[in-house]
Amino acid sequence: MTAFDASVEMRPKLVGQRVKRTEDPRLLAGSGRYVDDMAPKGLLHVAVLRSDQPHARIRSIHVGEAFTVPGVVAIFDAHDLAGDIRPAIPASRMKGYYATPFRPLAEGKVRYVGEPVVAVVAESRYAAEDALERISIDYAPLPFAGAKEEAAAGDAPLLHEEAGTNVIIARTFARGDVDAAIAHAAVVVKGRFRMTRKTPMPMECRSYLAEWDRRREALTLHSSTNIPGIICDVLGACLDLPGHRVRVVAPDVGGSFGGKGSLNHEEMLVCVLARKLERPVKFIADRMEDLTAMSQAFDETVEAELAVDGAGHLLGLKADVIGDIGAYSIYPWTGALEPVQVVSFLPGPYRMEHYRGRVRGVLTPKPPTGPYRGVGRPTSTFAMERLMDMAARNLGLDPAEIRRRNLVTAEEFPYRTGSGIIWDRSAFQDCLQGVCALVDYPALLRQRDAAHAEGRWVGIGLASYAELTGIGSRIAVAPGMPINTGTETATLRIDATGAVTAAFGISSHGQGLETTLAQVVADELGCRMDDIEIQHGDSALVPMGTGTYASRSAVLGGGAATKAARVVKAKVLKAAAFLMDVAVEDLEAEGGIIRARSSNATITFRDVAHAVYAQMGCIPHAQREDLVASESYDPYLGTACASTHLAMVEIDPATYAVSVTRFAVAEDCGRIINPLIVDGQVHGAVAQGIGAALLEEVVHDDTGQLLTASLADYLVPIATTMPEIEILHVEAELPDTIGGFRGMGEGGTIGAPAAIANAVADALAPLGIEVDTLPVTPERLFRLVAAARNATSD
Amino acid sequence: MTHAMTLTVNGLTYTGVVDARLLLSDFLRHELGLTGTHVGCEHGVCGACTILLDGRSARSCLTLAIQADGATIETVEGLGRMSDLGRVQQAFRDHHGLQCGFCTPGFLMTITDMLRHHSLDSDAEIREALSGNICRCTGYQHIVDAVRELARERGPLK
Ligand code: FES
Ligand code: FES
């Protein structure tokens, strides 16, 4: 396999080109089709009455005058749906874990502000919302612990009594003797790092439309999801429908970043209502509902201690991580996804013998945390990279130098980290050197020193990290989860007109996979891109597919596409050889034309397809094969993907606003399918990382209420927040995946927060300030500076 | 309460009756079926719903349909078709200025307005012009590239 791949690499065609995206014309012309653009006949709309209590027993629900509102069709609470749908159970084999049942509407009690309690179905959303205002819920408030540390205490009020504790996840990863390493180290640095809660905030809010086909007794859910296959399976189980009577289709989806990558209450709700009412039912979240109740992100505190020898070599790391996972363990990933990734990735891309990482996931009355671009690694990288800089400062080493001394080198691969992750063949060192060369690091340091001499708060920060992408079957994407995230299938078909259809279980929602997968197929098959249609985002397309998440689609989808294209190509050439009366080995295909090398005779794909399907008896039946193949791919280990980010910032001493003046990324994403798309992914992910570093924070107050329920309160980067991002692609030795692709959609979100935190700390180094909480808002900075000044004046 | 209303959208005149409280965004999307205009926040921050109202960019989520009585409206559907993209649309495609495409119609309409009325001769000015629209996918860089090219091509404002 490897030798064959190398030969592909020698004759690059569409793969590697800045091909313009095939999905663009429809999206640019306003001809995209997102869920809310659909309006089947008889459509009903749902509005949801949500809990205004963080933890309370539902005493009674008063529907009052709601039914008198013109257009109202029906009103439901959990009791009304009791026999119609089973809860989803986010199972995992983790020891000591409790899987919180997940329902469309709260049953008996509510566990966070924003949890759906009552659903109103009406002829229009306007009418449904009018009716909501007439419904009242009588709650008996229950005590709660809002902060994760308090919720973890033995005497804390329980959110799920059946669990017997709020700490439903507890694990430890260890290697060596970290206590001894710390005891004997020349330098020990420590900190308590906090990455606050975020929301993924895709521009399209969550949107669901369920249709019940009375004739077939079958359900179709149109969902803004990026995991249609997983949603289809769980809905089938909850609604007791066999696979051929439930289908989940993700049409055009307006971004996800993880926020649409789990099961949602309202997704279950529209399905059960459509079946009950036998009419199409639509729920479109508004922005406040998404900010209140979409799955959220991060929210961990990492207490960590790093031991380093006198030459700056890492000896050991000890960490205690506590993650606030919200009120439910999310389906299917479980609440372990985010915090367990933090301890798994905390040792970073470095050589280090001793490690002990303990992690707890704690239930609190907030929306569940779930996948968000980067998962766990933005937090682990933030903590580790801060410690690296603190150690460097302590030893008088340059931050680039301490990283150089510790990053795993090419000769050391495969390297197993203290937490058990295996790093293999990625450009750890080259990315560090590359980014320094790209910005002329020594000159940048001189600029910073000159600015410091003028009393300006200017700083430079580095962050190196590695991630696993395109993970195969060796490890589940989430710990202990019984879902197959390690394979993907491609079904490729040439029809009688010569048109090529390639269908996948993945689900593109902005990544441009319709373009990149067509590039891969065109190269492998030898046809034109225009002849290919890529189908995705539909549970009915291939026998088994889960969706697009965890930077897997280029690796797994690209691998499956390559395998399927090779099989179909062999069939095409075999038929062509028969028709042309030449040997198969004599044939080559390019641009939809098959040519015999010896005679230069040609035949088109179209003619071959026509002969195979439409010309009766043209090819004897015994030799005739349908031009179809379905192949799956499992990269087993997956690939490591490394990067170093560099940020330069300046802090305004009057407003304490941080502006990012330079930002550079050197990253290794293996063989690049489309540089235009890769750059776009890096830009977008870095923007979200800058948001996490400087702006974005979901705030719940002491009474459990959300304070950031609008885009005027939850701030995301706008065009003026962003610097021009400089990118260097390091295409390292090809990993062991078909095509040599690595996943790359998440990295920017991982490195940027740490790089900016380090840059801010560097800018304030003259005041001896360390950054331990993100985002570093002007308010946080002001307090840090004021405290430092008070300390020196004392 | 309902009101009679007449307005012109992308060159076509519509006459009808609307509820007083109907948002212009909902009217365009659900009454006229012009679903190219998107709704990202319904509170005036994100810019996804931007249209041109009598030639200037406006938030259709903060406008009642009835306020557009007698007005001329342009939406993304009026900029060009899939097979015949308008200039701003084409520049977005050339520079990969969109990913999920959800914010895109709002950006295209804002930029159409900005190109008509602002000099846009520095990146800082371009970013300022775009600062009323949120894109969560692109990090804005490729959008800035597209606008830079469009502004250069247009030349100085008369
Ligand atoms: S939808 Fe109108 S500004 Fe966001
Ligand atoms: S392209 Fe997705 S929000 Fe802008």
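So you know, we letter chains A, B, ... as the sequences are listed, proteins then strands, and number each from 1.
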Chain B contact via A:Gln681 - which portion, at a heavy-atom distance below 4.5 Å: both
Are side-chain N/O atoms of B:Asp19 and A:Tyr126 paired as donor and acceptor at under 3.5 Å? no
Contact class of B:Ile143 relative to chain A, heavy atoms under 4.5 angstrom: neither
Do A:Leu27 and B:Leu98 touch side chain to side chain, with heavy atoms closer than 4.5 Å? yes
Proximal component of A:Val686, with respect to chain B [non-hydrogen, under 4.5 Å]: neither
Is A:Ser31 in contact with chain B via its backbone, its side chain, both, or neither, using a 4.5 Å heavy-atom distance? side chain
Salt bridge or not between A:Asp36 and B:Arg29? Use side-chain N to carboxylate O under 4.0 Å. yes
Sidechain-backbone polar pair: B:His96 side chain, A:Lys20 backbone, donor-acceptor under 3.5 Å: no
Keeping B:Gln99 on the side-chain end and A:Gly680 on the backbone end, is there a donor-acceptor pair under 3.5 Å? yes
Please round to the nearest 0.5 Å and tell me the distance separating atom SG of B:Cys46 and atom CE of A:Met203. 4.0 Å
Engaged part of A:Leu291 at the chain B interface, taking heavy atoms whose separation is under 4.5 Å: neither
Greater than 12 external heavy atoms within 6.0 Å of A:Met38's CE: yes
Determine whether A:Leu676 and B:His95 satisfy the following criterion, side chain to side chain contact (heavy atoms under 4.5 Å, CB included), listing intermediate values before the conclusion. CA-CA 8 Å; A:Leu676 204 58; B:His95 290 277; over 6 Å; no
Do A:Met288 and B:His43 have side chains that get closer than 4.5 Å, going by heavy atoms? no
Salt-bridge present (A:Arg18, B:Asp94; N to O < 4.0 Å): no
Checking heavy atoms, do the side chain of A:Asp37, its backbone, both or neither come under 4.5 Å from chain B? both
For the atom pair CZ (B:Phe102) and SG (A:Cys205), what is the distance rounded to the nearest 0.5 Å? 7.0 Å
N/O donor-acceptor pair under 3.5 Å between B:Gln141 side chain and A:His683 backbone: no
Ignoring hydrogens and angles, tell me if any N or O in the side chain of A:Gln688 forms a donor-acceptor pair with the backbone of B:Arg136 under 3.5 Å. yes
Any carboxylate oxygen within less than 4.0 angstrom of a Lys/Arg side-chain nitrogen, looking at B:Arg93 and A:Glu23? no
On a heavy-atom basis, the closest approach of B:Leu130 and A:Ala719 is CB-CB, 3.9 Å
With a 4.5 angstrom heavy-atom cut-off, which part of B:Thr138 approaches chain A: side chain, backbone, both or neither? backbone
What I'd like to find out is whether the side chain of A:Glu204 reaches to under 4.5 Å of the side chain of B:Cys100, using heavy atoms alone. no
Can you measure from CD1 (B:Ile134) to CG (A:Leu711) and round to the nearest 0.5 angstrom? 5.0 Å
Is a donor on one side and an acceptor on the other found under 3.5 Å between the side chain of B:Tyr140 and the backbone of A:Pro717? yes
Of all heavy-atom pairs between B:Leu85 and A:Pro25, which one has the smallest distance, and what is that distance? CD2-O, 4.2 Å
So do the side chains of B:Thr35 and A:Arg33 get within less than 4.5 Å of each other, counting heavy atoms only? no
